[in-house]
Amino acid sequence: MKIKVVSNILKANDSIAEKNRQLFKENKLFVINLISSPGAGKTSLLERTIKTLNSKISIGVIEGDIATTRDAERIEKTGARVIQINTNGACHLDSNMVRTALQNFPLNGLDILFIENVGNLVCPANFNLGEDIKAVVLSVTEGDDKPKKYPGIFREAKILIINKTDLLPYTDCSIDKIKKESLEINPDLNIFEVSCRSGEGFDEWCNYIVSLSN
Ligand code: MG
Ligand code: ZN
């Protein structure tokens, strides 16, 4: 019985996601659903990416959070177009929340749209928002055991961004282990290593984002 309820919810979510996808397509937008646990550095990644690519492409951001507009305020300071969704307790974004936000968020002139999901490595993996790809951010301070513990998101994602590489000497984390175990789950995963503080790895990451906008 419960299984039926869940599958109905996901079915309804998928049909609205399809409408979002059409709208993104009409506006020639490439859309990335950005997922991580709280504190992995999603917003910091967006801030530095937007600042680095300011003169090259136009990036918009839909910010998802349980409460507060703190992340949207940080993005706004970069000059990028941004809108906040507050889920009021819900632990993931769904396609209808994005649909509603899009009513007040013009897409014209944008090349890339990031949707920053609620900080959570679990259920955001199951909810299609109409994005082109999902990207997962994992910071070295979270430990190298996470891919095997949260395989769902590593299976769904096309990109893995390993963040906070500047802190690696202060941890027991092995980036090789993260890479090896996440590629065992998903051999097609495109992996980047960055530090949002030092800027390490940003040339490669930003070149990749520009290539998606074409
Ligand atoms: Mg954030
Ligand atoms: Zn959830």
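Every heavy atom of this structure was used, including side-chain atoms; hydrogens, water molecules and symmetry mates were not. We number each residue from 1, following the sequence as shown. Numbering of ligands and ligand atoms starts at 1, following listing order.
With a cut-off of 2.8 Å, the Mg ion (ligand 1) has an N, O or S atom of Thr43 in range.
Defined by atom type and a distance below 3.5 Å, a donor-acceptor pair is missing between the side-chain atoms of Asn13 and Asn96. Neither side chain, Arg155 nor Asn186, offers a donor N or O lying under 3.5 Å from an acceptor on the other.
The ND1 atom of His92 and the SG atom of Cys91 meet at the Zn ion (ligand 2) at an angle of about 130°, given to 10°. Between Asp71 atom OD2 and Glu116 atom OE2, the angle centred on the Mg ion (ligand 1) amounts to 100° (nearest 10°).
Salt-bridge formation is not detected for the pair Lys146/Glu181: no Lys NZ or Arg NE/NH1/NH2 atom is positioned less than 4.0 Å from an Asp or Glu carboxylate oxygen.
Note on ring orientation: taking the six-membered ring where Trp is involved, the planes of Phe192 and Trp205 are perpendicular (angle over 60°, cut-offs 30° and 60°).
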